[in-house]
> 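First the structure, which I've put down as structure tokens, then a few questions once you've had a look.
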Amino acid sequence: MAEVMPDRKGSATGIKDVERRYPISWSGLSHTVSLRGGRSKTIVSNVSGHCDPGQMMAIMGPSGCGKTSLLDLLGGRVGSGTTSGEILIGCKQHPANIRKIVSYVTQEDSLLTCFTVRETLRYASRLAAIPSKAREEAIQQVIVQMGLLVCADTRVGDPLIKGISGGQKRRLSIAIELLHRSPILLLDEPTSGLDSTAAMQVIEHLRDVAQKGHTVVMSIHQASSRAYGLFDSLCLLSKGQQVYFGPTTDVAIEHFAAQGHECPRYSNPAEFFLDVINTDFGAENGGARLEGLVRAFEKSELASSMREALRQQEIPQDGGVSRESAGPFRQFAVLLLRMLHMN
């Protein structure tokens, strides 16, 4: 087993760095769906951005702003509607290939309640086609990395069967995807439904995942000031439009201050930005304010720097990496064995 070393906070992180590192970028990404009566609605409109290996990016915005839709587009999980723009993962990828490269953690946990954490990961490792000799080591590594050692032999549980906590379930869902060793990890609101402490633990563990060389992109509804400080970059959306993309440092605060929206001292920048771009409640001129913010970002030096970074982004020469997974016969055998185990 890999040597377990304490991290900066005294916990153990034993998983190795990801073998190959890949950036993800998207340029002019738009998605339109058809509605009844021949009408159409644009869910995501001309959104661009990028996230490099070793970094963690947050997609934020009010409810219904297009956060999950953008993540679905990046993860190749959209099967309807009209999409334009370009997504680069190593090179330009067809949506069917993206699903082989990127790991996606949904907002809702889909876990079998009767298995322990370790048993759940054992079945997941078989579906991930990890060789039997390396399976237990890989399982132990992700258990340690996601802070699940204390509950490794505890049932997942449900409302009727006492099991692990909500934060531990969320970390278990992430651990399952880490077994695939995908260089890019997308997460849809991984802190949804968790208290502030559990949410912070999830963000801290994901930060450690990014530092191992993964590219981590997540949507998050609202981040505490501590969690906000752990992100490298921020993408702000409102009504499907891009209001900001750039670092989470003072640059973001200065950008909004230049537009007449100065963040009060000692305030949480994440909460302040959401208040400014939310047009669902309050001010009657919210729509005009949003349009002004969108135009201001498009003309800003931040947008110019982003477009230049997209043009100059290094692209691996091997054209991407595909994660291994079990074939249909092996999947059937593993799922049959799991069903028999349940009974």
Side-chain angles (χ1 to χ4, degrees), residues 26 29 31 41 43-45 47 49 51 55-75 77-78 103-110 165-174 177 185-207 209-210 215-248 252-253 256 261 263-264 267-283 286 289-290 293-294 297:
W26 52 100
L29 201 57
H31 184 69
K41 180 178 181 181
I43 306 298
V44 176
S45 176
V47 175
C51 188
Q55 294 187 345
M56 185 168 70
M57 191 190 88
I59 303 173
M60 295 180 62
S63 298
C65 70
K67 300 188 296 293
T68 299
S69 297
L70 176 57
L71 270 183
D72 288 343
L73 289 169
L74 298 181
R77 296 168 58 90
V78 176
S103 285
Y104 191 107
V105 180
T106 60
Q107 186 174 346
E108 299 297 330
D109 298 313
S110 300
S165 68
Q168 289 168 335
K169 288 180 180 178
R170 195 59 49 84
R171 281 183 272 151
L172 176 56
S173 295
I174 298 169
E177 293 301 327
L185 186 62
L186 306 181
L187 306 102
D188 185 16
E189 299 201 17
T191 62
S192 178
L194 303 181
D195 60 64
S196 58
T197 301
M200 191 64 200
Q201 289 177 346
V202 170
I203 297 295
E204 286 177 341
H205 280 90
L206 287 170
R207 180 64 188 171
V209 169
T215 303
V216 180
V217 180
M218 74 178 76
S219 64
I220 183 168
H221 184 67
Q222 192 166 357
S224 66
S225 56
R226 286 179 59 203
Y228 177 80
L230 294 179
F231 293 107
D232 296 290
S233 56
L234 172 68
C235 176
L236 283 175
L237 301 178
S238 185
K239 292 187 175 180
Q241 301 179 84
Q242 189 162 22
V243 182
Y244 175 84
F245 179 86
T248 55
I253 295 175
F256 278 89
H261 303 284
C263 181
S267 295
N268 179 2
E271 292 182 355
F272 173 75
F273 296 152
L274 289 179
D275 288 340
V276 172
I277 67 176
N278 195 330
T279 61
D280 293 336
F281 307 97
R289 183 181 70 234
L290 175 61
L293 289 171
V294 171
F297 173 72

> Closer than 3.5 angstrom, by distance alone: can the side chain of S267 be matched with the main-chain N or O of P264 as a donor-acceptor pair?
yes
> Just by modelled atom types, is the G61 backbone N or O under 3.5 Å from a matching donor or acceptor in the K67 side chain?
yes
> What are the two closest non-hydrogen atoms of R289 and D275, and how far apart are they?
NH2-O, 4.2 Å
> To the closest 0.5 Å, what do you measure between CD (Q201) and CD (E204)?
7.0 Å
> Ignoring hydrogens, what is the shortest heavy-atom contact between V47 and Q242? Give both atom names and the distance.
CA-OE1, 3.5 Å
> Measuring only between side-chain heavy atoms, which start at C-beta, is H205 closer than 4.5 Å to I174?
no
> Could you report the tightest heavy-atom contact between G167 and L194, atom names first, then the distance?
N-CD2, 3.5 Å
> For a quick test of reading the model, state the closest non-hydrogen atom pair linking A223 to N268 and the distance between them.
O-ND2, 2.9 Å
> Roughly how far, to the nearest 0.5 Å, is CE of M200 from CG of L230?
4.5 Å
> Would a distance-only check, ignoring hydrogens and angles, find a side-chain to backbone donor-acceptor pair under 3.5 Å from N278 to S63?
no
> Hey, are the side chains of V44 and W26 touching, using non-hydrogen atoms and a 4.5 Å cut-off?
no
> If I take atom CG from residue L206 and atom CG from residue L187, how far apart are they, to the nearest 0.5 angstrom?
5.5 Å
> Please find the pair of heavy atoms, one from C51 and one from V216, that lie closest to each other, and give the distance.
SG-O, 3.7 Å
> Would you call the rings of F297 and Y244 parallel, tilted or perpendicular, taking 30° and 60° as the class edges?
tilted
> Using distance alone, with no hydrogens and no angle criterion, decide if D188 and S219 have a side-chain donor and acceptor under 3.5 Å apart.
yes
> Hey, which of L185, I203, T215, V209 is the one that makes side chain to side chain contact (heavy atoms under 4.5 Å, CB included) with M56?
I203
> Is the shortest heavy-atom distance from the side chain of F256 to the side chain of V243 under 4.5 Å?
yes
> Please report the interatomic distance CG(L71) to CD(Q107), rounded to the nearest 0.5 Å.
10.5 Å
> Any side-chain heavy atom of K41 within less than 4.5 Å of one from I43?
yes
> Would you check if the side chain of S238 reaches a backbone N or O of I277 as a donor-acceptor pair within less than 3.5 Å?
yes
> Does any non-hydrogen side-chain atom of E271 lie less than 4.5 Å from one of Y228?
no
> Drop me the distance from Y104's OH to D72's CG, to the nearest 0.5 angstrom.
4.0 Å
> If only atom types and distance count, is the side chain of R207 paired as donor or acceptor with the main-chain N or O of A227 below 3.5 Å?
no
> Rounded to the nearest 0.5 Å, how far apart are OG of S165 and CZ of R171?
6.0 Å
> Minimum heavy-atom separation for M57 to C235, with atom names?
CE-CB, 4.2 Å
